[in-house]
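Notes follow the structure.
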Amino acid sequence: MSDLLSNLNPEQQAAVTLPDQPALILAGAGSGKTRVLTTRIAWLISTGRASPGGILAVTFTNKAAKEMLTRLTAMLPINTKGMWVGTFHGLNNRLLRAHHRDAGLPQLFQILDTADQLSAIKRLLKALNVDDEKYPPKQLQYFINAAKESGLRAPRVDCPNDYERRLAELYAAYDEQCNREGVVDFAELLLRSYELLTRNELLREHYRARFRHILVDEFQDTNRLQYLWLKLLSGSENVIFAVGDDDQSIYAFRGANVGNMRDFERDFNIHTVIKLEQNYRSHGNILDAANALIGNNRARLGKNLWTSEGHGEPVRVFESMTDLEEAQWIVDEVRALVNDGLRRSEIAILYRSNAQSRVIEHALFNAGIPYRVYGGLRFFERQEVKNALAYLRLMANGDDDTAFLRVVNFPTRGIGARSLEQLQDAARARGEPLMRAAGSLPGKAGASIGAFIRMIEGLRQAVAGLTLAETIEQVIHHSGLIPHYQAEREGGDRVENLGELVNAAAGFVAEEDDASLAAFLAHAALESGEHQAGEGTDALQLMTVHSAKGLEFHSVFLSGLEEGLFPHEQSMTERDGLEEERRLMYVAITRARRRLYLSFAQTRMLHGQTRYNIRSRFFGELPAGLLKWLTPRFVAKPTRAPQIYAQPPYRKSEIRVNSESPKDSGFRVGQNVVHPKFGAGVIVNAEGGGTDARVQVNFAGAGVKWLALHIAKLSPA
DNA sequence: AATCCGTCTATTTTT
DNA sequence: TAGACGGATT
């Protein structure tokens with residue numbers, strides 16, 4: 001099958017045709033990682049080294065899994081049915097469904113998403129009379145998930161103090177509650193399966209024998225539990241093929257552990273790591289900038305991107321007075337690009353945090369430029385959709401208290417807090433889920449809740465024999481959801497979304513083999529509904545740097561490159577926080593194919609207050625020769641000490657927060673200054689005059705300080 | 001049961 | 001600044 005390999009470079013070929021042994025592929029940004037992964041699978045199968053059923057390929061996102069399957073089917077004339085290609089969660093869901101009995105789960109166990117999990121935790125705390133001031137639900141949620149993702153059940157969690165001991169107790173109680181209700185959170189999908197395979201040798205051997213070839217995408221993003229799971233599944237006969245890039249590890253905050261790459265080398269005795277360093281995406285200057293920047297990180301496996309293409313254009317840098325001005329400049333520049341024939345969807349505006357999108361959106365809106373913002377609520381997370389799903393969940397599994405409480409009185413049917421309190425007490429006393437305990441409730445509460453349960457029961461019977469789409473159609477009308485939203489003033493969109501849910505179900509049935517209600521519910525939980533509508537129009541792409549990972553654009557604007565924002569100030573308190581910010585910056589830079597803009601503003605409105613910022617330290621890590629300053633400035637002096645930059649001559653207006661700015665001191669608020677000890681900074685405040693004149697300076701390295709002007713050796717930058 | 005109002009908070013996010 | 005949330009009011 002040499003035609004499979006003919007378009008690959010030598011390293012890619014080596015990776016694809018690697019003999020049966022554990023392998024680590026260090027795949028740089030834009031180096032053809034997905035291509036190698038899929039070609040490897042195609043090669044294994046077409047050369048008879050593996051059968052489709054012997055392949056297990058794990059990704060992080062549904063999108064990546066889908067992409068892999070699409071490319072595979074294009075390459076191989078085989079059906080991909082027997083192949084297990086999916087996300088960690090999707091595959092483990094599949095495994096647990098197949099062995100639910102062994103795993104101690106009901107056949108129709110439901111999956112809690114993050115919001116469901118939180119409400120389950122709140123409910124638990126209330127039931128146990130725990131002070132949620134002292135034990136904030138969010139914090140407990142974090143604790144539980146962190147423990148599970150380390151592979152630890154409550155008794156094994158290390159508790160250095162009473163507080164943590166209590167958290168561990170609550171973790172145990174939470175697990176009990178989930179078991180009682182037959183629900184499973186995201187982390188549980190993996191932990192359950194890990195425990196099942198640990199405990200059950202027969203099953204473990206079965207899957208080890210079956211999945212001779214295990215391929216892992218984005219290996220740098222795996223958490224501890226995922227690593228343990230992979231290790232467990234890899235016996236001595238298995239061939240594990242891990243592809244990743246330590247320089248693109250940007251998810252430590254949610255448990256990703258880059259250390260897994262080093263551990264993998266050690267645990268699996270990897271001798272040669274294949275590096276894919278040829279980049280097929282960007283021009284040389286962009287890659288040089290990325291390489292130089294990431295070179296400042298200490299803990300790296302080491303890798304340098306190169307291209308056979310030319311240097312291309314310089315990296316453009318723009319400094320503005322305010323965030324508004326920055327946004328306006330972006331608008332102007334985008335207009336020019338579009339005028340030159342570039343499609344809007346080939347242009348991305350990236351930022352570190354979501355709040356930054358507002359000014360830019362505002363400017364784009366006023367300019368009438370179509371744009372699309374990524375992130376935010378996804379389809380299956382919408383209130384009305386979750387409500388509809390809750391009815392469906394109850395029909396599949398009446399023990400699901402989260403679903404029960406969500407809709408027992410929605411739309412309102414006269415079941416108040418008192419009745420529910422009674423019901424919850426009764427259920428607790430009997431150790432039963434709410435729906436089962438309801439029969440024993442006397443009086444008015446019993447009657448109204450009884451009616452609700454009969455309605456669910458009635459729905460269950462009414463939809464017998466109907467298709468999934470028809471089922472949902474029935475449910476959203478019969479439950480009263482549609483009438484309720486129709487009556488609501490602003491309910492039009494919600495009604496529309498419920499209709500969209502019916503369509504989604506029809507689409508699901510058309511695509512999937514298992515079109516059961518349970519399968520659809522799992523789909524809804526595991527695939528939050530990638531993107532929303534609006535894919536038709538050619539629109540500018542706005543997103544955080546995190547969401548841009550894996551994407552590429554002709555032109556990229558990276559905005560808000562200011563100390564405190566990028567690198568984010570909160571990252572400075574985290575271990576290795578700055579290195580992660582730098583990797584984030586690296587990811588951002590490597591999104592651009594041809595043109596890269598970096599911008600920052602001296603003044604930015606944040607949390608309703610004007611903040612004075614200085615340019616990001618990352619500018620100092622980019623070779624000056626690669627940069628083209630659009631704002632005239634940048635006179636680097638040949639000194640060792642902090643670099644000194646010239647004032648932009650075009651400065652339009654002074655910024656003043658304090659009218660008492662010392663007039664004749666020669667300094668003013670907003671001005672860039674240099675201090676012999678603290679380095680470069682910006683004056684953010686001033687008071688007094690004459691010999692009493694004091695200024696407050698935000699230093700890049702030393703933070704915010706008040707300085708007396710007649711003492712401090714402050715000079716204009 | 002719906003609405004109003006004050007308080008609080010504020011990276012990054014997939015499953 | 002703006003959104004989310006919880007408690008109090010209507």
Side-chain angles (χ1 to χ4, degrees), chain A residues 58-65 86-94 111-118 122 132-133 136-138 142 145 148-149 184-191 193 217-218 221-223 225-226 249-256 323 350-359 361-362 374-378 380-381 383 409-418 484 487-489 522-531 543-550 560 564-574 577 580-581 583-585 587-588 604-611:
Chain A
V58 204
T59 65
F60 267 86
T61 64
N62 294 299
K63 198 174 154 201
T87 63
F88 278 101
H89 295 85
L91 295 172
N92 280 301
N93 173 54
R94 190 165 170 183
I111 300 169
L112 302 184
D113 68 15
T114 313
D116 295 331
Q117 184 189 34
L118 188 62
K122 283 181 180 164
D132 58 2
E133 299 259 285
K138 279 241 172 69
Y142 177 84
N145 289 336
K148 288 190 178 187
E149 282 167 7
V184 157
D185 59 50
F186 285 140
E188 184 72 23
L189 283 170
L190 302 207
L191 185 52
S193 149
D217 189 21
E218 304 275 21
D221 285 341
T222 50
N223 62 34
L225 179 55
Q226 287 158 341
S249 161
I250 55 172
Y251 283 111
F253 70 92
R254 65 172 201 221
D323 48 349
L350 308 184
Y351 34 81
R352 172 67 239 264
S353 57
N354 287 304
Q356 289 168 249
S357 75
R358 229 187 48 234
V359 224
E361 283 188 68
H362 190 76
Y374 284 71
L377 259 203
R378 276 167 309 219
F380 287 114
E381 292 167 356
Q383 184 213 111
N409 195 36
F410 191 95
T412 48
R413 38 179 78 88
I415 301 174
R418 296 179 312 283
H484 174 266
E488 214 174 53
R489 272 168 297 159
H523 168 82
L526 292 177
E527 193 162 342
S528 27
E530 295 285 283
H531 300 312
M543 66 191 85
T544 63
V545 179
H546 280 93
S547 346
K549 188 173 160 224
L565 253 188
F566 201 172
H568 200 281
E569 55 194 354
Q570 307 237 63
S571 72
M572 309 304 275
T573 58
E574 293 158 15
E580 175 127 332
E581 293 289 302
R583 290 192 290 269
L584 198 52
M585 177 83 178
V587 168
R604 182 176 299 275
M605 190 66 117
L606 200 66
H607 308 329
Q609 277 191 317
T610 305
R611 295 192 14 155

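Proteins come first, then strands; the chains are lettered A, B, ... in the order of their sequence lines, and each starts at number 1.
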Any idea which of B:dT14, B:dA10, B:dT13 is nearest the A:S547 side chain? B:dT13

Those residues at least two apart in sequence (or on a different chain) that pass side chain to side chain contact (heavy atoms under 4.5 Å, CB included) with A:H484 are A:F410, A:P411, A:E488

Distance-only polar pair, side chains of A:T114 and A:Q117, donor-acceptor under 3.5 Å: no

Does A:N62 place a side-chain N or O at less than 4.0 Å from the phosphate oxygens OP1/OP2 of B:dT15? yes

To the nearest Å, give me how far apart CG (A:D221) and C1' (B:dT12) are. 13 Å

Within the distance-only criterion (no hydrogens, no angle test), does the side chain of A:N409 pair as donor or acceptor with the backbone N or O of A:R413 below 3.5 angstrom? yes

Its contact letters, B for base, S for sugar-phosphate only and - for none at protein heavy atoms under 4.0 Å, make nucleotides 1-6 of chain B read SSS---

In whole angstroms, the gap separating P of B:dT14 from CG of A:L112 amounts to 19 Å

Under 4.0 Å between a Lys/Arg side-chain N and an Asp/Glu carboxylate O for A:R254 and A:E149? no

When the distance from CG of A:L190 to P of B:dT14 is rounded to whole Å, what number comes out? 16 Å

Please report the distance, rounded to the nearest Å, between CD in A:E569 and P in B:dA10. 12 Å

B:dT13 C1' sits how many Å from A:R254 CZ, rounded? 5 Å

Flag the pair A:F380 / A:D113 as yes when at least one side-chain heavy-atom distance between them is below 4.5 Å, and no otherwise. no

State which residues pass side chain to side chain contact (heavy atoms under 4.5 Å, CB included) with A:N93; sequence neighbours excluded, sorted by chain then number. A:R97, A:F109, A:I111, A:L189, A:A522, A:L526

Under 4.0 Å, heavy atoms only, any strand: does A:N354 hit a base, just the sugar-phosphate, or nothing? sugar-phosphate

For A:F60 and B:dT15, is the gap between ring centres under 5.5 Å while the planes differ by less than 30°? no

Mind checking if A:F88 touches a base, just sugar-phosphate, or nothing, with heavy atoms under 4.0 Å? nothing

Hits for side chain to side chain contact (heavy atoms under 4.5 Å, CB included) against A:N354, two or more places apart or cross-chain, chain-then-number order -> A:Y351, A:T544

Is there a side-chain polar atom (N or O) of A:R378 under 4.0 Å from OP1 or OP2 of B:dT13? no

Classify the side chain of A:T114 versus the base of B:dT15 as yes if they form a donor-acceptor pair under 3.5 Å and no if they do not. yes

Could you tell me how far apart A:H568 (NE2) and B:dA10 (P) are, to the nearest whole angstrom? 11 Å

Quick one: how far along DNA chain C does chain A reach, first to last nucleotide 5' to 3', anything under 4.0 Å to a heavy atom? C:dT1 to C:dA2

Map A:S571 and A:A525 onto DNA chain B by nearest heavy atom, then report which one ends up closer to the 5' terminus. A:S571

Ring pair (Phe, Tyr, Trp, His ring centres under 6.0 Å) filter on A:F253, not counting sequence neighbours, yields A:Y251, A:H546

